[in-house]
Amino acid sequence: MDRYQRKGLGTILVALLYLLARDLGVRTLRGTILPENRFLIDWLHSLGGTTEYHEGAILVDVPVRDPAEPIPDGSPLARKFKETLELVVGALYE
């Protein structure tokens, strides 16, 4: 499975989950991540996520923004998510 990492599937899946959560009125997505997965932790931080260490894992809360609210795009990871989200929105809603 390692050869399939960093190819964008996770970004697409998170974008779909994010859009579904937004449609259902969910305000926060929460995930549990292993502390050694710095890539994912940094990526979710770039989207405005906050972290908390809990029993050997990292809990990450990512705000689900209203469509009128801008998604942070101050890092390459956040810009990639924003682009992917826009593509998924275009594919699903237009």
Polar side-chain atom of Glu86 near backbone of Glu83 as donor-acceptor pair, under 3.5 Å:
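No, because the side chain of Glu86 does not come within donor-acceptor range (under 3.5 Å) of the backbone of Glu83.
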Tell me every residue that passes salt bridge (charged side-chain N to carboxylate O under 4.0 Å, His left out) with Lys82, counting only those two or more places apart in sequence or in another chain.
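Partners of Lys82 under the salt bridge (charged side-chain N to carboxylate O under 4.0 Å, His left out) test: Asp73.
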Return the minimal non-hydrogen interatomic distance between [X] and [Y], and the atom names on each side.
{"X": "Arg65", "Y": "Leu47", "answer": "NH1-O, 3.3 Å"}
{"X": "Arg30", "Y": "Asp61", "answer": "NE-OD1, 2.7 Å"}
{"X": "Ala15", "Y": "Val88", "answer": "CB-CG2, 4.2 Å"}
{"X": "Ala57", "Y": "Pro35", "answer": "CA-CD, 4.2 Å"}

Flag yes if [X] and [Y] sit in one hydrophobic cluster, no otherwise; membership is Ile, Leu, Val, Met, Phe, Trp, Tyr, and two members link when side-chain heavy atoms are under 4.5 Å apart.
{"X": "Tyr53", "Y": "Leu40", "result": "yes"}
{"X": "Leu20", "Y": "Leu29", "result": "no"}
{"X": "Leu13", "Y": "Leu34", "result": "no"}

At what distance, to the nearest 0.5 angstrom, does [atom1] of [X] lie from [atom2] of [Y]?
{"X": "Ser46", "Y": "Ile41", "atom1": "OG", "atom2": "CD1", "result": "12.5 Å"}
{"X": "Leu16", "Y": "Leu85", "atom1": "CG", "atom2": "CG", "result": "9.0 Å"}
{"X": "Arg79", "Y": "Ile71", "atom1": "CZ", "atom2": "CD1", "result": "14.0 Å"}
{"X": "Leu59", "Y": "His54", "atom1": "CG", "atom2": "NE2", "result": "6.0 Å"}

Just wondering, do [Y] and [X] contact through their side chains at under 4.5 Å, heavy atoms?
{"X": "Leu44", "Y": "Ile33", "result": "yes"}
{"X": "Glu52", "Y": "Ile58", "result": "no"}
{"X": "Thr50", "Y": "Val60", "result": "no"}
{"X": "Arg22", "Y": "Pro67", "result": "yes"}
{"X": "Thr28", "Y": "Val64", "result": "no"}
{"X": "Phe39", "Y": "Leu77", "result": "yes"}

Among residues two or more places apart or on two chains, list those pairs meeting ring-ring contact (aromatic ring centres under 6.0 Å, His included) that have a residue in residues 12-31.
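For residues 12-31, and leaving out neighbouring residues, the ring-ring contact (aromatic ring centres under 6.0 Å, His included) pairs sorted by first residue read Tyr18-Phe81.
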